[in-house]
Colleague: 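Structure provided below as structure tokens; questions to follow.
This is a predicted model, so every value here is computed, not measured. Keep in mind that the numbers below use all heavy atoms, side chains included, and drop hydrogens, waters and symmetry copies.
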Amino acid sequence: MSDKLRYGVFLGPHHPMNENPTLCLQRDLQLTEYLEELGFDEVWFGEHHSAGWELIGAPDLMIAAAAERTKRIMLGSAVTSVPYHQPLMVAERFNQLDHMTRGRAMLGMGPGSLASDAQMMGIEVAKQRDMMDEAIDVIVRLMRGEAVTAKTEWFTLDNARVQMTPYSRPCIEMVAASTVSPTGSRAAGRNGIGVLSFGATSTATFDALSANWRIAEEVARENGRTVDRAKWRLVAPMHIAESAEQARKDVQFGIEGWADYLRNVAALPIVPGGGDVVDALLDSSMAVIGTPDDAVRQVERLRQQSGGFGTLLLFGTNWADWTQTKRSYELFARYVMPRLDPLPDNRLISEAECRAARPVLAGKIGAAIQARIQQHIDERGTKDIAPELIAALPEQHS
């Protein structure tokens, strides 16, 4: 792909149990403001209802709050767990956000990542993906302004439609969540929407990237739709610092607790192996804990494996304390983003041209200056002219 890569952050979020949850949520909003200042394109908020670490239960509320604090950055749900909601209510809330944000809201849809959430609501985990398919198929139609009549085991729509014509035309951007299985890719292809690949750098998901995209394209063709790689987002965890040693030092703040949560509480197969967490993440190439150079190599690795995608989402892990976390995002914006632009850097071209031409140009500048000095001497003599300037004049004019 020759298009400029876009950048964002996915905030589950992941906040440790020993912190004040109220302050954690405020910090997520502050981070959104900071990311906009740095030039990031989008931020996505998760939906979770149990397990303690991932505090956001209503990503649409976070989008509304963040929209009041920002002006440009796009704001999405990653994801709205659609089996937990009546589809018309999802469409209504996000259609309203489309207006409230003046077109900056995005809707990500998935089955729900925590089995404990589904259990509390009496939803069978085995049915979540079927429910996701049923919900996405009607939510997309509702968001596109259609009237929908549908009946499933868990919801009924009777000539349902959103009240307001969408602010964004034809409608807000929508994505389906994808990991290892082709469920999200099939839903995206069936409806002609984007794909958001969580854990893109974990071994199983990384290996399945190109295959899942092919599935999305095939299913799209079968349904008279198209899918666009520019609407494909990959999520990758990274923490960078001025040196690899500093990066490892930074993440000691919170990486062990984060790994324990994913290995033993959330029961998500994201963190590889056992032993030292940093070594396990680096050995598997799942994460970058290093320098901007390491981040560039990881993105190029994802580009090669996937065949091209539109947006890189950095996984908001909170491995490091607040100051070092912000520093990592700053370094990424300053030193990684420019190097991944597919167009030539005209600054480098200009510098190289000027460097090569300097001897000639410097001679021309010197000659012009000397000519003016000589003109002054010819008109007014050498009074007030420094001796060294006179000595530097060409011999024939001295």
Side-chain angles (χ1 to χ4, degrees), residues 5 7-16 31 35 40 43-44 46 53-54 78 113 178-180 196-209 233-306 309 311-322 324-333 335-337 339-340:
L5 193 63
Y7 302 95
V9 172
F10 161 61
L11 296 174
H14 287 81
H15 292 300
L31 179 59
L35 292 170
F40 281 80
V43 175
W44 296 77
W53 277 64
E54 299 177 84
S113 62
S178 173
T179 49
V180 179
L196 198 161
S197 296
F198 288 107
T201 53
S202 65
T203 301
T205 306
F206 182 82
D207 291 342
L209 283 176
R233 293 166 171 85
L234 304 187
V235 179
M238 297 188 188
H239 178 85
I240 58 177
E242 287 78 358
S243 67
E245 294 76 17
Q246 184 61 49
R248 290 185 73 114
K249 181 179 178 181
D250 289 349
V251 302
Q252 295 309 310
F253 172 82
I255 199 166
E256 292 285 347
W258 174 85
D260 177 69
Y261 166 69
L262 290 175
R263 285 171 173 169
N264 302 311
V265 180
L268 295 174
I270 295 177
V271 183
D276 183 82
V277 176
V278 175
D279 288 341
L281 291 172
L282 294 179
D283 290 345
S284 66
S285 298
M286 179 189 165
V288 170
I289 300 170
T291 66
D293 289 342
D294 297 320
V296 169
R297 283 190 287 269
Q298 181 77 309
V299 177
E300 296 294 0
R301 176 173 170 263
L302 287 169
R303 275 178 164 168
Q304 182 176 0
Q305 178 69 10
S306 66
F309 61 98
T311 303
L312 177 75
L313 297 181
L314 301 181
F315 195 170
T317 57
N318 287 300
W319 288 339
D321 202 1
W322 180 229
Q324 287 73 38
T325 295
K326 290 193 296 181
R327 179 63 172 160
S328 177
Y329 289 127
E330 179 194 1
L331 291 173
F332 190 93
Y335 300 116
V336 179
M337 290 182 187
R339 289 175 57 187
L340 294 169

Colleague: With the side chain counted from C-beta on, respond yes when Lys249 and Gln324 share a heavy-atom pair under 4.5 Å apart, and no when they do not.
Modeller: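 With C-beta onward as the side chain, the pair stays apart.
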Colleague: Would you say Pro272 and Leu281 make side-chain contact, with heavy atoms under 4.5 Å?
Modeller: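 Of all side-chain heavy-atom pairs linking Leu281 with Pro272, at least one is under 4.5 Å.
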Colleague: Is it true that Asp279 and Arg248 make a salt bridge, defined as a side-chain N closer than 4.0 Å to a carboxylate O?
Modeller: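 Result for this pair is yes, salt bridge flagged.
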Colleague: Heavy atoms only: give me the nearest Val180-Ala204 pair and the separation to one decimal.
Modeller: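 Nearest heavy atoms, Val180 then Ala204: CG2-CB, 3.7 Å.
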Colleague: Are the side chains of Val278 and Gln252 in touch, meaning some heavy atoms are under 4.5 Å apart?
Modeller: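 Touching, per the 4.5 Å side-chain cut-off.
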Colleague: I need the minimum non-hydrogen distance between Thr311 and Gly8, along with the two atoms involved.
Modeller: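 The pair with the smallest heavy-atom distance is CG2-N, 4.2 Å.
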Colleague: May I ask you to check whether Tyr7 and Phe332 place their ring centres under 6.0 Å from each other?
Modeller: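 Centroid distance Phe332-Tyr7: below 6.0 Å, so yes.
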Colleague: Out of curiosity, Thr203 OG1 to Phe206 CZ, how far, rounded to the nearest 0.5 Å?
Modeller: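 The CZ atom of Phe206 is 9.0 Å from OG1 of Thr203, to the nearest 0.5 Å.
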Colleague: To the nearest 0.5 Å, tell me how far Leu282 CG sits from Ile289 CD1.
Modeller: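 If we round to the nearest 0.5 Å, Leu282:CG and Ile289:CD1 are 5.0 Å apart.
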Colleague: Could you grab the distance from atom CE of Met238 to atom OG1 of Thr201, nearest 0.5 Å is fine?
Modeller: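 Reported value, rounded in 0.5 Å steps: 8.0 Å.
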Colleague: Is the shortest heavy-atom distance from the side chain of Leu302 to the side chain of Leu209 under 4.5 Å?
Modeller: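 Yes, their side chains come closer than 4.5 Å.
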Colleague: Begin from the C-alpha positions of Arg233 and Trp44 and carry the test side-chain contact (heavy atoms from CB on, under 4.5 Å) through to its verdict.
Modeller: CA-CA 11 Å; Arg233 293 166 171 85; Trp44 296 77; 3.3 Å; yes
Colleague: With no hydrogens and no angle check, do the side chains of Gln298 and Arg301 hold a donor and an acceptor under 3.5 Å apart?
Modeller: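 The criterion, which ignores hydrogens and geometry beyond distance, is satisfied for Arg301 and Gln298.
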Colleague: State the CZ-CG distance between Phe40 and Leu31, to the nearest 0.5 angstrom.
Modeller: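 Spacing of CZ (Phe40) from CG (Leu31) equals 8.5 Å.
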Colleague: Side chains of Leu35 and Tyr329: does their closest heavy-atom pair fall under 4.5 Å?
Modeller: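 Answer yes - side chains close enough.
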Colleague: With a 3.5 Å distance limit and no angle check, can you tell me whether Ser328 reaches the backbone of Ile240 through a side-chain donor-acceptor pair?
Modeller: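 Yes, because the side chain of Ser328 sits within donor-acceptor range (under 3.5 Å) of the backbone of Ile240.
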Colleague: Are the side chain of Ser284 and the backbone of Ala280 linked by a donor-acceptor contact shorter than 3.5 Å?
Modeller: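 Yes; judged by distance alone, with no hydrogens or angles, the pair exists.
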Colleague: State, yes or no, whether a side-chain contact exists between Phe253 and Trp319 at a heavy-atom distance under 4.5 Å.
Modeller: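 Not in contact.
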Colleague: Measure across Glu242 and Thr291 and return the closest heavy-atom pair with its distance rounded to 0.1 Å.
Modeller: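 Distance-wise, the nearest heavy atoms are O-CG2, 4.2 Å.
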Colleague: Show, in sequence, the C-alpha distance, side-chain angles and deciding distance for Leu196 and Val235, and conclude whether the side-chain contact (heavy atoms from CB on, under 4.5 Å) test is met.
Modeller: CA-CA 8 Å; Leu196 198 161; Val235 179; 3.6 Å; yes
Colleague: Run the numbers on Val43 and Leu11 for side-chain contact (heavy atoms from CB on, under 4.5 Å), then give the verdict.
Modeller: CA-CA 7 Å; Val43 175; Leu11 296 174; 4.0 Å; yes
Colleague: Under the criterion ring-ring contact (aromatic ring centres under 6.0 Å, His included), I'd like the reasoning laid out for Phe198 against Phe315: C-alpha separation, chi angles, the key distance, then a yes or no.
Modeller: CA-CA 9 Å; Phe198 288 107; Phe315 195 170; 8.0 Å; no
Colleague: Measure across Glu54 and Gly12 and return the closest heavy-atom pair with its distance rounded to 0.1 Å.
Modeller: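 What the structure gives for the nearest pair is OE1-CA, 3.9 Å.
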Colleague: So, Thr325 side chain and Ala320 main chain: donor-acceptor pair closer than 3.5 Å or not?
Modeller: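 Side chain of Thr325 to backbone of Ala320, a donor-acceptor pair under 3.5 Å: yes, one is there.
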Colleague: Quick one: do Asn318 and His15 satisfy side-chain contact (heavy atoms from CB on, under 4.5 Å)? Show the steps, please.
Modeller: CA-CA 7 Å; Asn318 287 300; His15 292 300; 3.3 Å; yes
Colleague: If you measure from CG on Leu340 to CG on Leu312, what distance do you get to the nearest 0.5 Å?
Modeller: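 Spacing of CG (Leu340) from CG (Leu312) equals 8.5 Å.
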Colleague: Before accepting this row, confirm whether a basic side-chain N of the pair Arg263/Asp260 lies closer than 4.0 Å to the acidic partner's carboxylate O.
Modeller: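 Looking at Arg263 and Asp260, the cut-off is not met.
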Colleague: Roughly how far apart are Gln305 CD and Ser285 OG, rounded to 0.5 Å?
Modeller: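 Answer rounded to 0.5 Å: 11.5 Å.
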Colleague: Whether Arg327 and Asp250 form a salt bridge (side-chain N of Lys/Arg under 4.0 Å from carboxylate O of Asp/Glu) is what I want to check.
Modeller: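 So Asp250 does not pair with Arg327 through a salt bridge.
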Colleague: Give me the atom names and distance for the closest heavy-atom approach of Ala247 to Ala241.
Modeller: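 Smallest interatomic distance, heavy atoms only, reads N-CB, 3.6 Å.
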Colleague: Charged N to carboxylate O below 4.0 Å: is that the case for Arg303 and Glu300?
Modeller: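 The answer is yes: the pair qualifies as a salt bridge.
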Colleague: Do Val277 and Val251 come within less than 4.5 Å of each other through their side chains, counting heavy atoms only?
Modeller: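 No, their side chains stay 4.5 Å or more apart.
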Colleague: Does the ring centre of Trp53 sit less than 6.0 Å away from the ring centre of Tyr261?
Modeller: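 Yes, the ring of Tyr261 comes within the 6.0 Å limit of the ring of Trp53, centre to centre.
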Colleague: For the backbone of Ala200 and the side chain of Thr205, can you confirm whether one donor and one acceptor N or O come within less than 3.5 Å of each other?
Modeller: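 Not confirmed, Thr205 side chain does not pair with Ala200 backbone.
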